[in-house]
Amino acid sequence: MKATYQVLSPGDVRSCNEHDEFASDLLYGMSQPVKRIPSKYLYDETGSRLFCRIMELPEYYPTRCETEILLRYSPAIAQAVSSPRLNLVELGAGDGSKTRILINELRSQKIDFRYVPIDISESAVSGLCSNLSQECPEIAINGLVSDYFVGVDWLSHQNAARNLILFLGSNIGNFEPAHQIQFLSGLWNALNHGDYVLIGMDLKKDAAIINQAYNDAQGVTAAFNLNLLNRINRELGGNFDPDQFVYYSAWDAFDGAVKSCLLSKKSQSVYIDALCRAFSFDAWEPFHTESSYKFTISDIREKVRRIGFEIIENYSDARHYFVDSLWQVIKQ
Ligand code: AVJ
């Protein structure tokens, strides 16, 4: 008898497009005990523009602190990682404005490097590559549109150059603690002995300063969060009324994170076309949009030691609000 089975390769079944993933992530989040949505959905075109405005706000200190750190310590960082050839790999590069400080230092120290921004968003990678290559035509730039680890793993088998992974802006703080460990151990695994990681983390500090950073006077952060509802309406055919929700964000000292959400101002029901169903909100029920974990130097030491990185140096701003921590991968 003739066999009648068929084996499909991943390329044949690429039906899972971005839109399906958004819908299933939303259904998953809406089905949790506390309704939630992954914070990566904050960054559509409008959201990314609003986030650029957040970085300029007087209350939002992290970006300025990290810029201060890189301006002051780029020479030391470049010296610490100095090697004949370097891949400067950036995860979630954004507009790359802080990275440019380090890039200029590597150029002036005549270090032979190439810049590899990795992002799942094709438009982010191509925008950054084209801007940077116009400004600095002599730098070798290889953008990678891929999953972080697939990209790093691929890269670490490409050439003998040492890798320096940049993960700036306290983006790690958006992961839940268990996911932080998962992410960092995945990174460790994808890297070679001797490779470096420079990771930006926001430090625990006076609750009032933290709370102001997420509750700016101009309401840009509120608009940034409320934009999620517009995005769901537009991309998934939702009928959220953004006027019926209010942004709320507060430092939770017990968990060590800022928890941000949209509160439903009344009891209401919202229909999502793409999910073919309605969801009901109680009056003042939260819809969790983002957690921003903050760290202490000893939190960082403990985490890093467990995974197997070695801390080379913690570079901090004058007020000790933020740290760029430089780690090396030690494999036996
Ligand atoms: C880019 C994720 C680090 O959590 O501080 C800024 C995003 N949210 N204001 C943060 C954000 C509200 C930011 N991260």
Side-chain angles (χ1 to χ4, degrees), residues 36-70 90-99 117-121 124 128 148 166-177 179-180 183-184 198-231 245-253 255-263 286-295 299-300 317 319 321-325:
R36 58 187 302 134
I37 182 170
S39 57
K40 66 175 182 184
Y41 291 109
L42 288 163
Y43 301 90
D44 64 351
E45 214 183 302
T46 307
S48 300
R49 212 171 37 239
L50 287 166
F51 183 62
C52 285
R53 280 183 61 199
I54 288 175
M55 290 192 288
E56 315 255 280
L57 290 170
E59 297 93 338
Y60 194 73
Y61 60 84
T63 310
R64 269 183 305 279
C65 291
E66 195 169 41
T67 302
E68 176 189 329
I69 293 167
L70 291 173
E90 182 157 30
L91 308 181
D95 66 358
S97 58
K98 284 171 292 185
T99 315
I118 302 183
D119 206 293
I120 36 167
S121 154
L128 178 60
Y148 287 164
L166 301 178
F167 194 46
L168 302 180
S170 205
N171 286 329
I172 185 83
N174 271 175
F175 296 150
E176 300 300 322
H179 194 192
Q180 292 168 20
F183 176 84
L184 294 174
L198 184 68
I199 182 165
M201 298 192 193
D202 196 15
L203 295 173
K204 289 179 182 167
K205 61 183 66 60
D206 187 340
I209 293 167
I210 297 178
N211 279 325
Q212 277 172 35
Y214 293 83
N215 291 280
D216 63 281
Q218 293 172 61
V220 183
T221 312
F224 175 62
N225 280 264
L226 284 161
N227 174 57
L228 266 172
L229 304 183
N230 295 323
R231 181 175 188 184
F245 288 82
V246 62
Y247 171 67
Y248 178 76
S249 177
W251 167 245
D252 177 343
D255 285 355
V258 173
K259 309 274 181 73
S260 302
C261 67
L262 296 167
L263 297 174
F287 181 21
H288 179 274
T289 51
E290 190 180 41
S291 293
S292 303
Y293 283 86
K294 312 295 177 193
F295 306 87
D299 289 341
I300 297 171
D317 55 299
R319 292 177 298 183
Y321 278 8
F322 198 95
V323 67
D324 274 340
S325 193

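These figures come from a predicted structure and were not determined experimentally. In listed order, ligands and their atoms are each counted from 1. Residue numbers run from 1 in the order of the sequence given.
Near Phe224, the atoms of ligand 1 lying under 4.0 angstrom from a non-hydrogen atom of the residue are 8 (N). When each atom of ligand 1 is checked for a heavy atom of Thr221 under 4.0 Å away, the hits are 12 (C). When each atom of ligand 1 is checked for a heavy atom of Tyr43 under 4.0 Å away, the hits are 1 (C), 2 (C), 7 (C). Close contacts between ligand 1 and Ser170 involve ligand atoms 3 (C) [criterion: under 4.0 Å to a heavy atom].
Side-chain contact check for Asp119 and Tyr148: no donor-acceptor pair (N or O, by modelled atom type) lies under 3.5 Å. In summary, the side chains of Tyr214 and Glu59 do not present any donor paired with an acceptor at a separation below 3.5 Å, with no hydrogens or angles considered.
Residue, atom and distance of the protein heavy atom nearest to atom 13 (C) of ligand 1 are Tyr60 OH, 3.2 Å. Looking only at protein heavy atoms, the nearest one to atom 4 (O) of ligand 1 is Ser292 OG, 2.6 Å. Among all non-hydrogen protein atoms, the one lying nearest atom 8 (N) of ligand 1 is Glu290 OE1, 2.7 Å. Among protein heavy atoms, atom 3 (C) of ligand 1 sits closest to Gly169 O, 3.0 Å.
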Checking salt bridge (charged side-chain N to carboxylate O under 4.0 Å, His left out) for the pair Glu176/Arg36: CA distance, chi angles, key distance, verdict?
-> CA-CA 13 Å; Glu176 300 300 322; Arg36 58 187 302 134; 3.5 Å; yes
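Remark: the backbone N or O of Gly256 is not paired with any side-chain donor or acceptor of Asp252 at under 3.5 angstrom.
Less than 6.0 angstrom separates the ring centroid of Phe224 from the ring centroid of Tyr43.
Neither the backbone nor the side chain of Tyr293 has a heavy atom within less than 4.0 Å of ligand 1.
Which of Asn174, Asp202, Asn225, Ile210 comes nearest to atom 2 (C) of ligand 1 through a heavy atom is settled by distance: it is Asn174.
Using a 4.0 Å cut-off between charged side-chain N and carboxylate O, Lys294 and Asp299 make no salt bridge.
The number of heavy-atom neighbours closer than 6.0 Å to OH of Tyr248, taken from other residues, nucleotides and ligands shown, is 12 or below.
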